[in-house]
Structures are given as structure tokens and as C-alpha cells.
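Because the structure is a prediction, the values reported are computed rather than measured. As the structure lists them, so they are numbered: ligands from 1, and atoms in each ligand from 1.
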Amino acid sequence: MHILIIEDDLAIAANLYDFLESCGHNVDAAADGVTGLHLAVTQRFDGILLDIGLPGLSGLELCRKLRQKSQIDTPVLMLTARDTLEDKLAGFEYGADDYLVKPFALKEVEARLNALHKRHCGKVANRILEVDDLTFDPKTLSIIFVDQNVKLPPKCIRLLALMMSEPGRVFSRQELETEAWDDAQENSDTLRSHMYVLRRALAKAGGYDPIETIHGIGYCLISRVQA
Ligand code: CA
């Protein structure tokens, strides 16, 4: 995992840094709230360890800005010396996912980060995708296009879900093959024929084909609202 530590107590930060690196994680650290927030919004992390008492911008404020202003839902594990119920509730209210009171065991920090990461991945994987007239529910595998139900074979569903995850982005043929196929035996003829089935089914249901062929590269799901 790529983990960000935001902690002004350098001894604690160094301990966390060394331990998490020794567990095989890729770790970045910031010693104040402003630097921490900047890192959190400009890079992609799998988890953030956030101290509440920070110079400049408090951990609570940082968390609120991250959630509300930047719309970033990276799991946040708050670390603090405070252990009153009010402080814990405030942490959750400001958007933290979990809470650890100092002093804590390093192994517990890692275990909680792993649990948060797993839960987050599950949430992302189960999120209903919506792009213009197209809706996909990963839990029921139902696809609605212009109010019509679309029935598709499993591989076509995987291709569509991948393109819906980033509308407007061009996916190369190789990317589509490796992401949507488990089987290395598949070749680009198979991709072409699955793409054909997918596009024909969508056009039949909704009256138009929302997928564009990018010649020599791959395919793109067109979105009126570009991501
Ligand atoms: Ca502190």
C-alpha cells in the first residue's frame, strides 16, 4: 500500500515510517497539516495516518477539507493522545474512518490500515457506476441504457465496467484485454468480437452506440460530462 503519515512528533513519525516500510509498504510523511493536505490531494494513497494535534492545520480540519472540498475518500486512521468520547465522535464527524489512541502498538496500526484498505476496495468495487444514460450495478450486474435493460455476456460486462470506471478515457486494446480477461489465451480478435456484441446490444437498447473506436489504439466510452 502507499501510505501517508501526517504527524508532527518526529519520533512517532519515524517509528511508523520504519515499521510500515519494513512491512513492505511505500510510505510518505509530512510533519504539518498544510504539507500533509497538499500531499493527500496531489498524490494517490491507499491509507492516511493522521495526527489530530498538528501545527498549521489540525488533523480534524485537514480531514474535513479532504472529504468536503477535495472529495477524496482515501481511508483515514486518526492517531491521537485524546481519548474522550467527544474527541472520537468529532474525528468520525470530520470524516475519519477509524481511530487509535496513543500509545498504540505498531502492529495494530498496520492491521487497521489493512482492514480499512480492504473495506475501501470493496466499497469502490460495489459502487454503482453511472455515465450519462448508462447505469451499471456491480452487485446485481444489471445494466440500464436509456431506461432499457441490457443483457450481456460476462466478458462484455467486464469490458463495459472498465470503460465506465473512467468515461472519456481511451483504453488501449491491451489494457482492455488484460483487465477484463483472466485468460491469457484470448487474442484481439476475441476482444473485437466482444466489443461488437457489446456495442450492438447497447445501440439496440438505447438507439445509439456510446463507445467510440480510436483507430490504432483502442476504445473509449464517450461521456457528455467529461471526467
Ligand atoms: Ca501532534
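- Side-chain contact between L198 and I211: present, with at least one pair of heavy atoms (C-beta onward) separated by less than 4.5 Å.
- Electrostatic pairing of E177 and R173 does not count as a salt bridge here, judged by no charged N lying under 4.0 Å from a carboxylate O.
- Distance alone, capped at 3.5 Å, places no donor-acceptor pair between the R169 side chain and the C220 backbone.
- The main-chain N or O of A90 is never found under 3.5 Å from a side-chain atom of E93 such that the two would form a donor-acceptor pair.
- D97 contributes a side-chain N or O that, together with a main-chain N or O of V76, makes up a donor-acceptor pair within less than 3.5 Å.
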Listed pairs under 3.5 Å, donor-acceptor, residues 10-18 side chains, sequence neighbours left out:
unit_1, atom_1, unit_2, atom_2, d
Y17, OH, V27, O, 3.3

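- Protein N/O/S atoms closer to the Ca ion (ligand 1) than 3.0 Å number 3 in this structure.
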